[in-house]
Number of protein chains: 2
Amino acid sequence: MKDVAARAGVGLKTVSRVVNGEPGVTPDTERRVREAITALGFRRNDSARILRKGRTASVGLVLEDLADPFYAPLSRAVEEVARAHGALLINGSSAEDGERERELALALCARRVDGLVIVPAGDDHRYLEPEISAGIATVFVDRPAARIEADAVLSDSFTGAREGVAHLIAHGHRRIGFIGDLPRIHTAAERLRGYRAAMAEAGLAVDGSWVALGPTDPGRVRADAERMLAGRDSAAGPVTALLTGNNRVTVTVVRVLAGLERRVALVGFDDFELADLLTPPVTVIAQEPALLGRRAGELLFRRLEGSGEEPRRVVLPTRLIPRGSGEVPPHP
Amino acid sequence: MKDVAARAGVGLKTVSRVVNGEPGVTPDTERRVREAITALGFRRNDSARILRKGRTASVGLVLEDLADPFYAPLSRAVEEVARAHGALLINGSSAEDGERERELALALCARRVDGLVIVPAGDDHRYLEPEISAGIATVFVDRPAARIEADAVLSDSFTGAREGVAHLIAHGHRRIGFIGDLPRIHTAAERLRGYRAAMAEAGLAVDGSWVALGPTDPGRVRADAERMLAGRDSAAGPVTALLTGNNRVTVTVVRVLAGLERRVALVGFDDFELADLLTPPVTVIAQEPALLGRRAGELLFRRLEGSGEEPRRVVLPTRLIPRGSGEVPPHP
DNA sequence: TTGAAAGCGCTAACAT
DNA sequence: ATGTTAGCGCTTTCAA
């Protein structure tokens with residue numbers, strides 16, 4: 001910028017004015033400055049600008065896996081909101097590891113992102129307290145923060161799961177299994193709670209072997225599904241229906257069921273592409289990942305614009321979409 | 001940092017040394033500094049650090065749509081490479097708009113990202129020349145740069161499409177349609193070229209109504225597919241097989257075919273989740289989006305480490321995966 | 001082993 | 001309308 005000023009024969013501040021479109025420059029001066037800018041290939045250094053202004057016009061997003069079909073639209077939605085506010089989005093995947101979430105979030109804070117959207121993996125977010133009080137707006141999405149008060153945008157996992165299981169019960173099922181994510185993950189715990197609530201409301205006992213929580217890698221999910229479907233561990237017999245705890249689990253279970261002779265009912269948490277073209281089409285409890293992301297982004301920027309409201313929890317409803325797999329009657 | 005130094009009763013540089021793990025500090029001094037850091041909740045301001053060092057330890061990625069199942073794993077792979085090199089990833093979606101691509105790329109350059117990975121949407125990348133000569137390493141992925149020399153990591157679209165069409169021909173098809181992306185997109189043009197090559201090699205004429213390029217929104221794709229399948233525009237009659245130009249197109253066409261009485265053969269460009277569980281399972285020409293991303297990231301960091309090689313074009317092979325839909329015989 | 005001073009490139013505040 | 005000065009928070013350089 002100094003060079004531009006020298007070349008245009010003007011002061012530093014005049015160049016700054018031109019670059020930033022500030023008023024108070026004669027057209028003629030402006031033209032000279034622009035020429036110098038072009039000639040020198042000058043481009044404003046935003047690092048310096050950021051340092052001076054104290055705002056980075058960037059927000060960070062920490063989620064589990066950018067490539068997960070559930071989180072990709074969420075991320076895209078946050079990006080759209082950021083873009084609408086002139087901010088860039090810095091992304092990081094935590095791989096469901098609390099330590100990595102922490103590292104990423106703190107790295108983003110060190111860069112002085114204006115705000116942070118986090119899909120929490122860890123179980124203690126007190127590490128963010130100093131950052132939040134230092135002014136970094138923070139919104140949690142998909143799962144609430146642990147051990148601190150903060151904004152959160154969630155889906156109603158409990159009600160969703162309860163409705164899904166009630167749906168299976170209404171179609172005659174009595175032995176229903178639940179295969180979910182790691183129990184330390186809030187949504188997994190809530191969905192399990194919903195499952196239990198629906199069973200209890202129908203007066204059905206839950207056999208211990210009907211519930212399997214764990215990592216969502218296909219190997220684990222497949223093993224648990226096969227075990228439940230064989231029913232050897234259970235005095236009560238094999239399950240005739242399954243509730244799956246998220247889109248990763250559902251996809252694996254669909255594969256397991258595809259290899260089976262008998263029809264097993266299935267309700268999956270999360271909608272997924274092509275669910276309606278499978279045989280049978282898959283009944284799901286749909287969330288709206290893009291809406292989660294959008295709401296989180298909006299909440300974040302409202303905070304950034306200085307709304308001093310109390311931390312807020314937004315809970316979005318889920319929607320049961322019957323497509324066929326959830327309406328399969330129990331196998332005799 | 002100044003405050004920390006004051007509180008610990010040491011010089012500024014000593015704090016800097018401790019924060020950055022540089023040698024030359026007695027354990028006792030270090031302890032005092034660390035105490036002060038904790039007490040004050042100090043966190044290094046990376047903006048200032050970046051300004052001083054001239055390196056941001058961040059790379060930018062501009063792609064079409066972060067939420068597209070093809071690009072999501074690509075993005076994730078670039079992120080992994082960046083992470084391995086201690087860098088953060090800033091993401092932006094161009095929505096297939098050249099102007100937006102340009103804006104995003106220049107915004108990232110203004111932030112002085114160390115490097116840039118771009119899935120080009122525009123058709124002229126000369127705007128990047130000053131940035132590249134200013135030292136911002138740039139790698140194009142999925143499609144080559146236009147009008148500048150630069151590294152590129154691509155899939156072999158031409159060969160992939162040619163093999164796909166040859167496969168359909170080998171299964172008896174003579175009237176084969178191609179539904180692809182906008183013709184200005186390099187991959188779409190290459191795939192069309194592959195389609196034409198395979199037809200020509202088999203001595204088959206291509207009716208004008210058998211080729212439809214355009215945006216990949218479901219409405220357009222559906223209309224074109226239905227038109228080709230009805231065959232009213234064509235003296236040669238309706239097509240008995242289709243090649244689809246990318247995963248978005250394939251998914252829409254699968255829906256169209258699902259509503260049809262007669263069986264139409266289909267080979268889709270790009271693999272996609274659950275392709276093997278559809279009826280019939282979908283034969284695809286698979287790319288490896290994660291590998292594209294990884295290679296691009298690796299190339300980028302090799303450049304950053306100062307390899308002065310000529311711009312390089314890496315072309316990855318595609319793989320035909322027969323699953324059923326591509327082996328359907330022609331309808332009489 | 002430690003620290004003082006200079007300066008990265010920009011903008012805010014205050015001249016002129 | 002334009003320029004000058006100070007300083008954002010850090011690292012680099014060089015001296016103690």
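Keep in mind that what you see is a predicted model, and the values were worked out from it rather than measured. Every chain is numbered from 1 and lettered A, B, ... according to where its sequence line falls, protein lines coming before strand lines.
Atom CD of B/Glu22 is surrounded by more than 12 heavy atoms from other residues, nucleotides or ligands within 6.0 Å. By the neighbour-count criterion of 12 heavy atoms within 6.0 Å, atom CG of A/Asp123 is sparsely surrounded, having that number or fewer from other residues, nucleotides or ligands. Atom CD of B/Glu35 sits in a crowded spot, with more than 12 heavy atoms from other residues, nucleotides or ligands closer than 6.0 Å. The number of heavy-atom neighbours closer than 6.0 Å to CD of B/Glu310, taken from other residues, nucleotides and ligands shown, is 12 or below.
Side chain of A/Arg32 to backbone of A/Ala8: a donor-acceptor contact under 3.5 angstrom is found.
Per the geometry, CG belonging to A/Leu12 stands 12 Å off C1' belonging to D/dA6, to the nearest Å. Atom CZ in A/Arg43 sits roughly 12 Å away from atom P in C/dC10 (whole-Å rounding). Atoms CG (B/Asp3) and P (D/dG9) sit 9 Å apart, rounded to a whole Å. Whole-Å rounding puts the B/Asn45 CG to C/dC10 P distance at 17 Å. Whole-Å rounding puts the B/Met1 CE to C/dG3 C1' distance at 14 Å. For the pair B/Arg49 CZ and C/dC8 P, the interatomic distance rounds to 18 Å; values are reported in whole Å. Summarising the geometry, the separation between CG on B/Leu51 and C1' on C/dG7 is reported as 9 Å, rounded to the nearest angstrom. Atoms CZ (B/Arg112) and C1' (C/dC8) sit 12 Å apart, rounded to a whole Å.
Ring geometry for A/His125 versus A/Phe140: interplanar angle over 60°, hence perpendicular rather than tilted (30 to 60°).
Inspection of the A/Arg49 and A/Asn20 side chains reveals an N or O donor paired with an N or O acceptor under 3.5 Å. A/Asp65 and A/Ser93 form no side-chain donor-acceptor contact under 3.5 Å, judged by distance and modelled atom types alone. A donor-acceptor contact under 3.5 angstrom links the side chains of A/Thr56 and A/Asp114, judged on distance only. A side-chain donor-acceptor contact under 3.5 Å links A/Gln287 and A/Ser155.
Contacts between residues 14-26 of chain A and DNA chain C, defined by a heavy-atom separation under 4.0 Å, are made by A/Ser16, A/Asn20. A heavy atom lying under 4.0 Å from DNA chain C marks none of the residues of residues 127-137 of chain A.
Residue B/Tyr127 holds its OH atom at 3.5 Å from CD of B/Glu101, rounded to the nearest 0.5 Å. Taken to the nearest 0.5 Å, the CZ atom of A/Arg55 stands 5.5 Å off from the CG atom of A/Leu304.
Side chain of B/Lys13, nearest nucleotide from D/dT12, C/dC10, C/dT11: D/dT12. Nearest to the side chain of A/Arg52, among D/dC8, C/dA13, D/dG9, sits D/dC8.
Taken over five-pair windows at either terminus, the axes of the helix from C/dT1-D/dA16 to C/dT16-D/dA1 are inclined to one another by 30° (rounded to 10 degrees).
The side chain of A/Thr29 contributes an N or O atom lying less than 4.0 Å from OP1 or OP2 of D/dT2. Residue A/Lys53 places at least one side-chain N or O under 4.0 Å from the OP1 or OP2 atom of C/dA12.
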